[in-house]
Number of protein chains: 2
Amino acid sequence: MTRWLDEREQRAWRGYLAMQAQLQARLHRRLQADSGLSYADFDVLVALTDRAGEQVRVLELAEALQWEKSRLSHHLSRMQKRGLVEREECADDARGAFVVLTAEGRRAIEGAAPAHVEAVRELMFDGLDADQVDALAGIAETVLGRIRAAG
Amino acid sequence: MTRWLDEREQRAWRGYLAMQAQLQARLHRRLQADSGLSYADFDVLVALTDRAGEQVRVLELAEALQWEKSRLSHHLSRMQKRGLVEREECADDARGAFVVLTAEGRRAIEGAAPAHVEAVRELMFDGLDADQVDALAGIAETVLGRIRAAG
DNA sequence: CCGGAATAGTTGACGCGTCATCGAAGTTCA
DNA sequence: TGAACTTCGATGACGCGTCAACTATTCCGG
């Protein structure tokens, strides 16, 4: 017996889906147009600047981003081709590889971040009150918990 | 002067991003594995069943889905190849085309929907109380309004 | 009725994401 | 030590999404 969504749930779900799709599309387009970076590039660069200077192993990065390793591998290849990151050999474990930010990569993220934050603000936070912001954080934490629990 | 996100906003934003990415990935994978349909297929099929029996113009469908016409065109080609939809000539306007659901398309959506709703419930709604559901709906409506306003 | 602009939809190129698979290197244990 | 197993990461194939360009038709002013 399928438990369909009731009216209240349906309103939330359809709204969420629409918001998610539109927000994603807008922010992505804007970032791309402003800076030539994709959303995915941005995430990788943020994760790398979070551990500035360190050599980061590929799987470590994948873990931090919660990405599949093959996705990251493909993406690093594309970013490397554009000069945003480099791969370095790993002496300890010859299977492995380190990823490091290039100067150009650093310049790219520093140039892109302000306009991106501004766009996030404009489309999302400037319209929400403090209660809504907290509610969103709470919802996200709850759902992430359930996802983790679901294995 | 960049207005960076404060701590509360940052918590909400990072949480939202993580939730969104994980939820998307899980639901998509599950739908694909259970029914062979992608999320995008699902959306198209839902939109078509909403106007069951009618002949629907491509741009009308694009409007309903809020998709770009080229995206829809590409996607319809893929779905047509798999026998889920058909294109029909439009007598009124020879430039145009109608899209119709095939019997197989109808079977696919009817078969896929229950498990999908169950997954949505399991990952999201079973963990949220009524206030959170309403808060989510409110947030989505607010943000969608801002997006529309931003043109 | 003609010529230019707008509209419907398709196409091609290219970047992104997943799955399955693979090769090379490390680990475990008899 | 060496055979089975696991882990690291790359790769190929394929579906998805965007942008720009294109074809074919319709609309509209003169």
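Below, chain A is the first sequence line, B the second, and so on; all start at residue 1.
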**A:Phe98: ring-ring contact (aromatic ring centres under 6.0 Å, His included) partners, not counting sequence neighbours** =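 Expected list: none.
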**Request:** On the 0 to 90° scale, with breaks at 30° and 60°, tag the B:Phe125-A:Trp13 ring pair as parallel, tilted or perpendicular.
**Result:**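 B:Phe125 vs A:Trp13 ring planes: perpendicular.
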Sequence neighbours excluded, which residues qualify as side chain to side chain contact (heavy atoms under 4.5 Å, CB included) partners of [X]?
X        : value
B:Arg3   : A:Glu118, A:Arg121, A:Asp126
B:Asp129 : B:Asp131, B:Gln132
A:Ala119 : A:Leu27, A:Arg30
B:Gln24  : A:Gln20, B:Gln20

**Item:** Rounded interatomic separation in angstrom, taking CD from B:Gln32 and C1' from C:dA20
**Value:**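 Nearest whole value for this atom pair: 14 Å.
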**Message:** So, using side chain to side chain donor-acceptor pair (under 3.5 Å) as the criterion, who are the partners of A:His75 when residues are at least two apart?
**Reply:**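 Testing A:His75 for side chain to side chain donor-acceptor pair (under 3.5 Å), a comparison that skips the adjacent residues, returns A:Asp41, A:Arg78.
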**Prompt:** Considering residues at least two apart in sequence or located in another chain, which fulfil the side chain to side chain donor-acceptor pair (under 3.5 Å) criterion with A:Glu54?
**Reply:**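 Listed in chain order: nothing, the list is empty.
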**Nucleotide range of DNA chain D lying under 4.0 Å from chain A heavy atoms** =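 In short, chain A contacts DNA chain D from D:dT7 to D:dC19.
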**Residue whose closest nucleotide on DNA chain C lies nearer the 5' end, A:Arg78 versus A:Asp92** =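 The answer here is A:Arg78.
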**Fill in**
Protein-proximity profile, nucleotides 2-10 of chain C, B/S/- by nucleotide at the 4.0 Å heavy-atom cutoff, equals -----BSBB
